[in-house]
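Input: a single structure, listed below in structure tokens.
Below, chain A is the first sequence line, B the second, and so on; all start at residue 1. Bear in mind the structure is a predicted one, so any value in this text is a computation, not a measurement.
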Amino acid sequence: MADRQAKLARLRTELGVDPYGQRVDGLISLAAAKALFKPELEGDARPVAAVAGRVVLHRDIGKLIFMTVRDSTGDLQVAVSKKAVDEKAFELAKLVDLGDVIVARGPVGVTKTGEVTVWASGVEMAVKSLAPPPEKWKGLQDPELRYRRRYVDMYVNPEVMTVLQQRSGIISGVRRYLENRGYTEVETPMLQPIPGGAAARPFVTHHNALDIDLYLRIAPELYLKRLLVGGMPKVFEINRNFRNEGISPRHNPEFTMLELYEAFADYQVMMDIAEGVIRKLAQDVIGKTTIAFRGLEIDYGKPFRRATYFELFEEANGFPVSAHDRLVQKARELHLESAGKAHDVLLQEVWERTVEGEERFGQPIFVMDYPASLCPLTRPKPGNAAVAERFELYIAGMEIANAYTELNDPAVQEANFRQQLAGLDDEQANFRNLDEDFLNALKVGMPPAGGMGIGIDRLIMLLTGMASIRDVIAFPLMKPVTSGGEAETPSA
RNA sequence: GACUGGGUAGCUCAGCUGGUAGAGCAGCGGCCUUUUAAGCCGUUGGUCGAGGGUUCGAGUCCCUCCCCGGUCACCA
């Protein structure tokens with residue numbers, strides 16, 4: 001750090017160079033510069049490019065200096081020959097450290113070994129880096145450092161950049177897909193007086209002027225439905241939800257969720273949208289329909305399997321869901337406590353241990369038609385009150401989408417809300433309240449509708465092949481580090 | 001939250017049953033006009049995560065705590 005500070009001073013005093021650069025016009029990406037190379041052209045006929053990039057390798061062999069520079073499109077070699085540049089530029093090239101960002105202009109040619117190279121006629125310092133860079137070959141490996149100093153990780157480990165760019169492509173691809181279907185993107189409150197739409201612990205905050213507690217939303221659902229009541233036919237929102245729960249490779253306290261609601265649709269329509277958008281993203285953003293994830297080859301090109309809860313249960317256990325005695329026996333085999341539990345509760349516990357899992361839920365599968373008692377906020381199947389019109393999409397064992405034919409009967413909704421509230425413990429009761437305004441909206445009348453939520457971060461994990469949610473979020477939450485009462489000084 | 005693995009130089013890592021803290025890269029000083037992790041010669045650099053304990057002596061053994069990864073739980 002001190003050595004670099006000294007070099008920064010030398011740039012100013014000896015070379016009269018501003019180590020923090022200035023506006024540069026006419027820059028092209030390193031990939032574009034590389035593409036300009038024409039092997040048949042030599043000397044002055046070679047195309048000239050102006051490029052900028054962070055120096056990741058610096059080979060000074062005396063009167064000739066090779067640098068490998070990197071930008072978001074890749075790496076390119078820049079050569080600075082003492083003969084080809086003025087004295088000041090050559091001295092500047094000598095003073096370049098790994099991590100500096102430079103601007104180089106010159107013909108795009110090759111070296112003896114055939115590597116495409118910008119043969120600099122001019123070199124400038126765009127910004128002097130004061131922090132020592134990570135090891136140049138092994139790079140930045142320590143996962144803690146990588147997440148804490150993502151700005152270093154991003155250039156040291158180029159796949160990080162790739163994933164973040166693919167993330168952007170996936171999200172804009174989702175928008176395009178839904179807009180093409182006539183959907184309107186909306187934004188609903190993230191600061192909510194009553195957190196609703198999911199079963200999760202919220203973050204609490206406080207508004208000073210109004211002197212009220214507010215909650216960071218755990219889901220946008222109840223507001224999106226209000227928009228349906230108001231007359232919007234097809235709405236979606238892609239934005240952050242916040243849940244005050246544990247952190248894991250599949251859970252970040254803030255995460256990006258897509259929710260969509262379509263009037264006069266049902267969960268079958270949502271199933272088609274889920275399958276359609278995911279397949280399209282694989283094709284358009286990743287460029288293939290078979291993608292490796294945690295050792296699995298996931299095929300997004302084939303139609304996704306669609307099976308009911310009841311079928312899958314029987315397939316895995318060899319007896320139907322209605323066979324109570326067999327269920328109790330199975331529960332005993334699994335060391336589950338069955339005494340005093342309702343049939344459907346026990347059913348779900350056995351389901352979680354026998355049906356879910358990679359062998360059955362590895363390839364994309366829609367699990368449809370859950371027992372109604374497990375989904376109190378879902379509309380039952382017409383003519384069969386025991387079955388809820390709900391599906392969950394599983395891929396690689398992860399829950400990716402959850403969809404319903406939405407309940408729009410305010411009386412049933414209110415009864416279900418009240419039943420839910422009655423079953424809460426004291427801690428949960430602190431923030432769960434009856435959202436009377438939402439019930440009022442249902443009384444105004446919400447058209448029948450299908451609705452769905454898709455965990456965007458998890459979808460990005462699948463499509464990019466990243467095993468941890470932290471790898472698809474630019475700045476995942478990390479506990480702040482302090483040492484001796486002082487904040488850690490960044491160095492890498 | 002539980003279990004488990006880890007934290008040693010800026011980075012990547014070694015350090016055995018306790019005996020003066022090491023390497024490579026980076027850095028610094030030299031040489032070098034076609035290198036490819038350039039090379040060669042010389043060289044600087046440490047609160048061994050923090051605190052306590054055992055011991056003549058602790059990176060190493062014991063205790064407490066902090067941070068990170070993984071698995072599980074909660075959840076999406």
Touch class at under 4.0 angstrom, heavy-atom based, for [X] against every strand present:
X         : value
Glu115(A) : base
Ala199(A) : sugar-phosphate
Met257(A) : nothing
Leu57(A)  : sugar-phosphate
Asn252(A) : base
Gly139(A) : sugar-phosphate
Gly455(A) : nothing
Lys82(A)  : base

Rounded [atom1] spacing from [N] to [M] in Å:
N      : M      : atom1 : result
U71(B) : A26(B) : C1'   : 36 Å
G53(B) : G59(B) : P     : 15 Å
A58(B) : G52(B) : P     : 13 Å
U12(B) : C3(B)  : C1'   : 29 Å
C61(B) : A2(B)  : P     : 23 Å
G5(B)  : A76(B) : C1'   : 27 Å
U54(B) : G46(B) : P     : 29 Å
A21(B) : U34(B) : C1'   : 42 Å

Consider the side chain of [X], meaning its heavy atoms from C-beta on, and name the nucleotide among [options] that approaches it most closely.
X         : options                : value
Gln141(A) : C67(B), U12(B), C25(B) : U12(B)
Glu399(A) : C68(B), C11(B), A76(B) : A76(B)
Pro249(A) : C67(B), G27(B), U71(B) : U71(B)
Leu64(A)  : A26(B), U34(B), C67(B) : U34(B)

Interatomic distance where [atom1] belongs to [X] and [atom2] belongs to [N] [whole Å]:
X         : N      : atom1 : atom2 : result
Asp142(A) : C13(B) : CG    : P     : 8 Å
Lys138(A) : G10(B) : NZ    : P     : 18 Å
Trp119(A) : U33(B) : CH2   : P     : 13 Å
Arg59(A)  : A38(B) : CZ    : P     : 5 Å
Trp137(A) : G39(B) : CH2   : P     : 12 Å
Glu135(A) : A23(B) : CD    : P     : 15 Å
Lys112(A) : U34(B) : NZ    : C1'   : 5 Å
Ile473(A) : A76(B) : CD1   : C1'   : 12 Å

Determine which nucleotide pairs with [N], using a 3.5 Å limit on both distances of a Watson-Crick or G-U wobble pair.
N      : answer
G46(B) : none
U35(B) : none
C56(B) : G19(B)
G1(B)  : C72(B)
G10(B) : C25(B)

Closest nucleotide of RNA chain B for Leu477(A) versus for Ile400(A): which of these residues is on the 5' side? Leu477(A)
When the nearest nucleotide of RNA chain B is assigned to Arg470(A) and to Arg458(A) on a heavy-atom basis, which residue is associated with the more 5' position? Arg470(A)
Would you check if the side chain of [X] reaches a backbone N or O of [Y] as a donor-acceptor pair within less than 3.5 Å?
X         : Y         : result
Asp71(A)  : Leu30(A)  : yes
Asp100(A) : Ser129(A) : yes
Asn157(A) : Val160(A) : no
Arg458(A) : Arg250(A) : yes

Within the 4.5 Å heavy-atom criterion, are Leu421(A) and Gln419(A) side-chain neighbours or not? no
When you compare the side chain of Asn239(A) with that of Arg217(A), does any pair of heavy atoms fall below 4.5 Å? yes
Would you call Phe255(A) stacked on A76(B), i.e. ring centres under 5.5 Å apart with the planes less than 30° off parallel? yes
Return yes if the base of U35(B) and the side-chain atoms of Gln77(A) contain a donor-acceptor N/O pair under 3.5 Å, otherwise no. yes
State whether Lys225(A) and Glu406(A) are salt-bridged, where the test is any N-O pair (Lys NZ or Arg NE/NH1/NH2 against Asp/Glu carboxylate O) under 4.0 Å. yes
Check whether any side-chain nitrogen or oxygen of [X] sits under 4.0 Å from OP1 or OP2 of [N], and answer yes or no.
X         : N      : result
Arg250(A) : A76(B) : no
Lys479(A) : C67(B) : yes
Lys94(A)  : U33(B) : no

Do Tyr309(A) and Gln348(A) have a side chain donor and acceptor closer than 3.5 Å? yes
